[in-house]
Visitor: 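Before I ask anything, here is the structure I am working with.
Note that this is a predicted model, so its numbers are computed, not measured. The sequence lines fix the lettering, A, B, ..., with proteins before strands; numbering per chain opens at 1.
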Amino acid sequence: MATLLDDAFAKAKKEDRCALIAYVVAGDPDMETTRAVLDAVVEAGADIIELGVPYGDPLADGPTIAAAGQRALAAGATLENIFRLIPGTKAPVVLFTYVNPVLQYGVEKFALAAKRHGAVGVIVPDVSLEELEPIREAIRKNGLIMPLLISPTTPDERAKKITQTSEGFNYIVSRLGVTGKDAVDVEGLKDHAARVRRMTGFPIAAGFGISKAPQIVAIRDSVDGVIVGSALVEAYASQKGAAAAAAGASRLVRLLRLACKRAAPAAAGAKG
Amino acid sequence: MATLLDDAFAKAKKEDRCALIAYVVAGDPDMETTRAVLDAVVEAGADIIELGVPYGDPLADGPTIAAAGQRALAAGATLENIFRLIPGTKAPVVLFTYVNPVLQYGVEKFALAAKRHGAVGVIVPDVSLEELEPIREAIRKNGLIMPLLISPTTPDERAKKITQTSEGFNYIVSRLGVTGKDAVDVEGLKDHAARVRRMTGFPIAAGFGISKAPQIVAIRDSVDGVIVGSALVEAYASQKGAAAAAAGASRLVRLLRLACKRAAPAAAGAKG
Amino acid sequence: MHKPDERGYFGDFGGRWVPEVLVAPLAEVEKAMNEAFGDPTYWEEFHALLSEYVGRPSALTVAHRFGQPRNATIAFKREDLNHTGAHKINNTIGQALLAKRMGKQRLIAETGAGQHGVAVATIGAKLGIPVDVYMGAVDVERQALNVYLMRLLGATVHPVTGGTQTLKDATNEAFRVWAAQCEDTFYVIGSVVGAHPYPFMVREFQRIVCDDGRIQSQGRFGRLPTDIVACVGGGSNALGIFTAFIDDDNVNLWGVEAAGKGTNTAETAAPLAVGSVGVLHGSRSFLLQTAEGQVKPTHSISAGLDYPGVGPEHAYLKQSGRAKYVAVTDDEALAAFHACAASEGIIAALESAHALAYAQQLAKERGEEGLIVVCMSGRGDKDVTQIEKLDGKALVAEVTG
Amino acid sequence: MHKPDERGYFGDFGGRWVPEVLVAPLAEVEKAMNEAFGDPTYWEEFHALLSEYVGRPSALTVAHRFGQPRNATIAFKREDLNHTGAHKINNTIGQALLAKRMGKQRLIAETGAGQHGVAVATIGAKLGIPVDVYMGAVDVERQALNVYLMRLLGATVHPVTGGTQTLKDATNEAFRVWAAQCEDTFYVIGSVVGAHPYPFMVREFQRIVCDDGRIQSQGRFGRLPTDIVACVGGGSNALGIFTAFIDDDNVNLWGVEAAGKGTNTAETAAPLAVGSVGVLHGSRSFLLQTAEGQVKPTHSISAGLDYPGVGPEHAYLKQSGRAKYVAVTDDEALAAFHACAASEGIIAALESAHALAYAQQLAKERGEEGLIVVCMSGRGDKDVTQIEKLDGKALVAEVTG
Ligand SMILES: Cc1ncc(COP(=O)(O)O)c(C=O)c1O
Ligand SMILES: Cc1ncc(COP(=O)(O)O)c(C=O)c1O
């Protein structure tokens, strides 16, 4: 199934753009809205969906996504009904979940259910390389892949190890800190991407802090994909009702998707 | 001048009664009232006046006299106008004052002024035998006497020394503690008086807690005088205006004075 | 097991369950710690501050009247006498000196009730290092006095509005801030929790509690205690007093968790008693969680024990059976608080009162030879207003009547 | 002069200016004191409680950042680290042990802000002796927390409604109660004031402050201090730290009174600076009084210094010139309080902050060889609410900005 992801990156590459990966918090503010948002986002051009499992103590997330998670939990989101969002989603779905819900559900059982519902992979941000093996084994056994994260502070040797272990793509963290909409150091990010690029042939996608078209324009030549989370959550969370939320999300994704398209060589100034 | 005091005790003895010593706080609640109270009290039969100089920190006094002192101070009582109460008072006046106002005024100057206004003596309750000499000297030099206090806890030898030093009379403290109206142990007081009696030929007067006629009846045979303070303060302080205060004080003093008269031998059962 | 393995595990517990952004900062701390721990001048500076600034060694006080009638002897290890009034300062000094050594320009810390925040602000002031404290907005509100104390000490307090707005969320936030600013910032964790090397490192700073306690017990009684009793929030004062005795099999080690309204209710804070294994704040240990793996809200009358997790080494000691863990309710702790005040003249922290409550019970079971040392982890001045509100007077009557 | 003469005089000051009812109880205390002071087992018990219960010796902390720039060294003698947070406990332990020895069944005490009351209630609880505390009704109102603390410790607090309803009236009342109940009751006075033998006796208990401070200074610096600075309320912490140095002429002794709003205003509490000789609470010394010999109301931001009198030995040391006395205003003390918190991580008692303020000034005058030891008589947790009300934040800005 990992080929679904490969296909998505391949398609974007063919269209000379970086892939757009849309992060949506499952169940925020309710499952109906998420359903509508997912459909709208895919319709608007998102290549891949990162479906966030809400968690009360999300160490890697900034206030926007943390609050979205709180709303989802308050509305009663459970893994069971989160899984049910996957089958109807017309793009490859990678689950994004903190490790504790997975451990508590049972790693095997989790992987099995995710797979059965059609997920292609799972990102578990708080499982470091050192803790990875037993979990990864259970996940892989059930035919799911695990993309791993690489931070700007990850030393080279470790980064190499991560790229060798990561599947589907390499999730490069665009900056120190957490998800959110604060400024990203574009030059630093490009260096970081270039460093990882030298280590791996797999696609590279950048996330954490990517929220605006100009940022994407600035980095789209350096990466194979961009992940947009907090900005997307804001785009739908500020709306009332599922339809409006879907429209808000759609508007943003359309805009960002345009930015993903690499410019014709003549306009290559943006590359520098 | 000490003879005025001797005369008062002698007169009472002749009339087969103990002398009644009335304690009045000077300036409570104002000088005019004190004037009226003093006149009424003497008229009602008090043999001797103890004129209390109000003090803010009266270690030997209970709440009634302490509060009276506060009222007098609040109304602006000063030594100068307290002295002026003495000349018009038609009974021997002994000043009762804590030591600090005397020290601050100057002991010599104080004694001189008191004498000039006609006082016969001064009681300074917080000058212990050990601190007495320089002060007593200044007081005596100016023709005033200093009655001293003896407490139930004063050891015999010390009590003897006090009786040898005390002038005018021996002020025996009727109980441990301070002035006020709480119960007095009559038997204890009689023993205390008998003990002091064995030491001295001078008159013995009991104070602290003497407030009711029956108490006086019970002890009148054991002492030469009784000192009534808190009860008298209450009798006038509860009244509105100088005239009413004088009347209140007068009523109490008349009653107590009756109690001072020793019974005829036939009724001598009260003696035991 | 005295040291965790190189991945930071005490048996099955511990590790480094963190986002990749935090791996490098943690490795940097670990490296610096290893270097410092091997450097006598580092420990000299640590011990000098503990003796000259904190006032160590803390006293060992025999309690003659508390918990009578009983046969066993009870003694209190007086961490309440430390500067700032609790064991917390031992740890913050160790970490702040490490930060200084690493050339970090700023200390950050999470705090619940404010005890750890005050301890960090204190050593920050002493060493001249700026301090930022993260504190749940709800806690900022209800612990206004400690917030003001931290400000007096020159620290900046940041209210955290995410999640339940309490300690666990403040900890999350501190981790996030650290991830973003690790270059010039040292994160001072307040207990034996968090990702490796923190549980080990904090324990090594807190073991001063029993390193001098052990000496005192031998000097005072000519022998080791039969029982050690300490409250367990994150577990730092308990490990502090357990560690030197860990190989003395005859010394029973008792960790006392906060049962809150009872371990059979939802209002509890006793992960070792009624929690299950999971991951919180970077390490694998027991925690209070839902079937869905969400961290549960907790309750304890004592703010310092009101935490859903527990240090991984305690999970290990529980599993291995070397230490025993019990839980004491709010009411039992309050009763022990009152009994201790009235019988020993010591206003104990409500946290420590949990240990007192259990020690009192134990002292009735033990015979003459029993020698129970209780970790008086802190003083209770901070708790008095709260206790007054709970109508302490009625309780005093109950206890003494 | 190290001991008062047999009438209790230090030079012209002291004595026993009390009603005759109090002479016998005072003589009884004096006799028992003399016996106890000659009995090594008495001192053993005293020192055992100080080390095992109070946590002595208290630390000597070098202040590296407070009051900079300066050349001289400043060190704090840390009485704030004592159990109950001030030097007061040294004295109450000595007196309570004496009471026990005398077979007294009850302790009574006066208290102003409640510090001494808490210290008496504490040792009463520890030794199992009932305690009654007399406290001005106004103080009961404004120091509600300390009142509650005393109650927690099992003491009974009696509001005193006479006079100004503050400390001096509470003291009057305690004397009165003692006069009435001296048979089974011991009066524990809170400072080096009152009639003989209290000023001497309390000093002998408090000199532990410098007896260990002297040792520490020599151990730490290889020499004695050049200057000792202590605040003076009644004067017990000051005599505590002065006494061992009294024969060392090279050691300058500085007593710091509370100037309040200024010694040239009516709102002051500095009898040595602007008072005159008189009698208060049984001894002859300096006091603030009117021309008529009435004791004046006083003002200081710090409750523990808000007293119109001062111990007779200070009057003597002032007269003899052996100690120098200065006064520090509310504002100066507050500024020093803030500076110490932010630069040393120590929340000083407002009383001690007076000493800090003067030490800060002195440290700028002294050269490199200056070694100034300040008596940190207590911790300031008790004062924080008050300071917050005074808008400490504005002041912090002033101090650090
Ligand atoms: C006095 C006191 N005791 C105990 C604790 C609990 O922490 P730990 O279990 O880490 O010792 C705290 C935490 O704030 C505390 O302040
Ligand atoms: C901390 C502290 N310092 C100083 C004083 C002043 O008393 P003394 O002058 O007797 O030391 C007090 C009195 O309450 C106090 O609490």
Side-chain angles (χ1 to χ4, degrees), chain B residues 53-67 69-70 73 76-80 82 97-106 110 124-132 135 148-155 158-159 162 166 171-180 182 208-209, chain D residues 5-9 14-28 160-165 167-183 185 194-196 275-285 287 289-297 308-309:
Chain B
V53 174
Y55 187 56
D57 298 85
L59 267 195
D61 286 304
T64 302
I65 291 178
Q70 291 291 332
L73 290 173
T78 63
L79 279 174
E80 303 288 349
I82 290 166
T97 177
Y98 286 85
V99 72
N100 203 51
V102 179
L103 294 175
Q104 194 62 1
Y105 195 81
F110 177 90
V124 192
D126 54 346
V127 175
S128 63
L129 200 56
E130 288 74 11
E131 310 295 352
L132 187 66
I135 291 169
L148 301 181
L149 287 80
I150 304 174
S151 141
T153 54
T154 307
R158 179 182 177 85
I162 294 176
S166 188
Y171 189 142
I172 68 168
V173 175
S174 356
R175 60 162 180 212
L176 295 183
V178 293
T179 62
D182 301 338
F208 282 41
Chain D
D5 67 20
E6 57 171 29
R7 286 168 55 232
Y9 274 86
R16 196 174 277 171
W17 298 79
V18 291
E20 180 62 22
V21 273
L22 284 169
V23 170
L26 285 164
E28 188 193 359
V160 174
T161 52
T164 55
Q165 316 201 0
L167 174 57
K168 80 176 174 59
D169 309 285
T171 308
N172 295 335
E173 187 64 13
F175 269 116
R176 291 180 190 121
V177 170
W178 192 36
Q181 302 170 11
C182 56
E183 209 154 324
T185 297
H196 181 62
S276 53
V277 173
V279 166
L280 176 65
H281 294 145
S283 69
R284 187 170 187 275
S285 183
L287 72 138
Q289 55 184 329
T290 65
E292 287 273 314
Q294 300 291 338
V295 179
K296 272 192 193 166

Visitor: Heavy-atom cut-off 4.5 Å, strictly under: side chain, backbone, both or neither for B:I135 against chain D?
Guide: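 Looking at B:I135, just its side chain touches chain D.
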Visitor: At a heavy-atom separation under 4.5 Å, does B:I162 approach chain D through its side chain, its backbone, both, or neither?
Guide: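 For B:I162, the side chain is the part near chain D, not the backbone.
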Visitor: Given heavy-atom pairs under 4.5 angstrom as the criterion, report whether the side chain, backbone, both or neither of B:A60 touches chain D.
Guide: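 Answer is both: backbone and side chain atoms of B:A60 are under 4.5 Å from chain D.
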Visitor: Can you tell which part of B:I150 gets under 4.5 Å to a heavy atom of chain D, answering side chain, backbone, both or neither?
Guide: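 It is the backbone, since no side chain atom gets that close.
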Visitor: Tell me which of these, B:L103, B:V99, B:V173, has more heavy-atom pairs under 4.5 Å with chain D than the rest.
Guide: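 Heavy-atom pair counts peak at B:V99.
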Visitor: Whether D:E20 and B:R158 form a salt bridge (side-chain N of Lys/Arg under 4.0 Å from carboxylate O of Asp/Glu) is what I want to check.
Guide: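 Looking at D:E20 together with B:R158, the answer is yes, because their closest N to O distance falls below 4.0 Å.
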Visitor: Quick one: are B:P54 and D:E292 in side-chain contact, heavy atoms under 4.5 Å?
Guide: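 Of all side-chain heavy-atom pairs linking D:E292 with B:P54, none is under 4.5 Å.
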Visitor: Any heavy-atom pair between the side chains of B:L73 and D:Q294 that's under 4.5 Å?
Guide: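 Touching, per the 4.5 Å side-chain cut-off.
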Visitor: Counting heavy-atom pairs under 4.5 Å to chain B, which of D:P25, D:G163, D:G8 comes out on top?
Guide: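 Sorted descending by pairs with chain B, the first entry is D:G163.
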Visitor: Would you mind reporting whether D:L287 and B:N100 have side-chain heavy atoms less than 4.5 Å apart?
Guide: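 Yes. Closest side-chain heavy atoms under 4.5 Å.
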Visitor: Checking D:V277 against chain B: side chain, backbone, both or neither under 4.5 Å from a heavy atom?
Guide: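 When you check distances to chain B, only backbone atoms of D:V277 fall under 4.5 Å.
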Visitor: Can you list everything that forms a ring pair (Phe, Tyr, Trp, His ring centres under 6.0 Å) with D:H196? Sequence neighbours excluded, please.
Guide: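 For D:H196, no residue satisfies ring pair (Phe, Tyr, Trp, His ring centres under 6.0 Å) once neighbours in sequence are set aside.
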Visitor: What part of D:A27 gets within 4.5 angstrom of chain B, counting heavy atoms only: side chain, backbone, both, or neither?
Guide: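 Neither part, no heavy atoms under 4.5 Å.
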Visitor: Could you tell me whether a side-chain N or O of D:N172 sits under 3.5 Å from a main-chain N or O of B:L59, the two making a donor and an acceptor?
Guide: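 No; zero donor-acceptor contacts below 3.5 Å.
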Visitor: May I ask you to test the D:V23-B:T154 pair for a side-chain heavy-atom distance under 4.5 Å?
Guide: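 Not in contact.
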Visitor: So do B:Y55 and D:V295 actually touch side chain to side chain, heavy atoms under 4.5 Å?
Guide: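 When only atoms from C-beta onward are counted, B:Y55 and D:V295 do touch, with a gap below 4.5 Å.
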Visitor: Who pairs with B:Q104 by side chain to side chain contact (heavy atoms under 4.5 Å, CB included), at least two apart in sequence or on another chain?
Guide: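 Counting only residues at least two positions away or on another chain, B:Q104 forms a side chain to side chain contact (heavy atoms under 4.5 Å, CB included) with D:S276, D:Q289.
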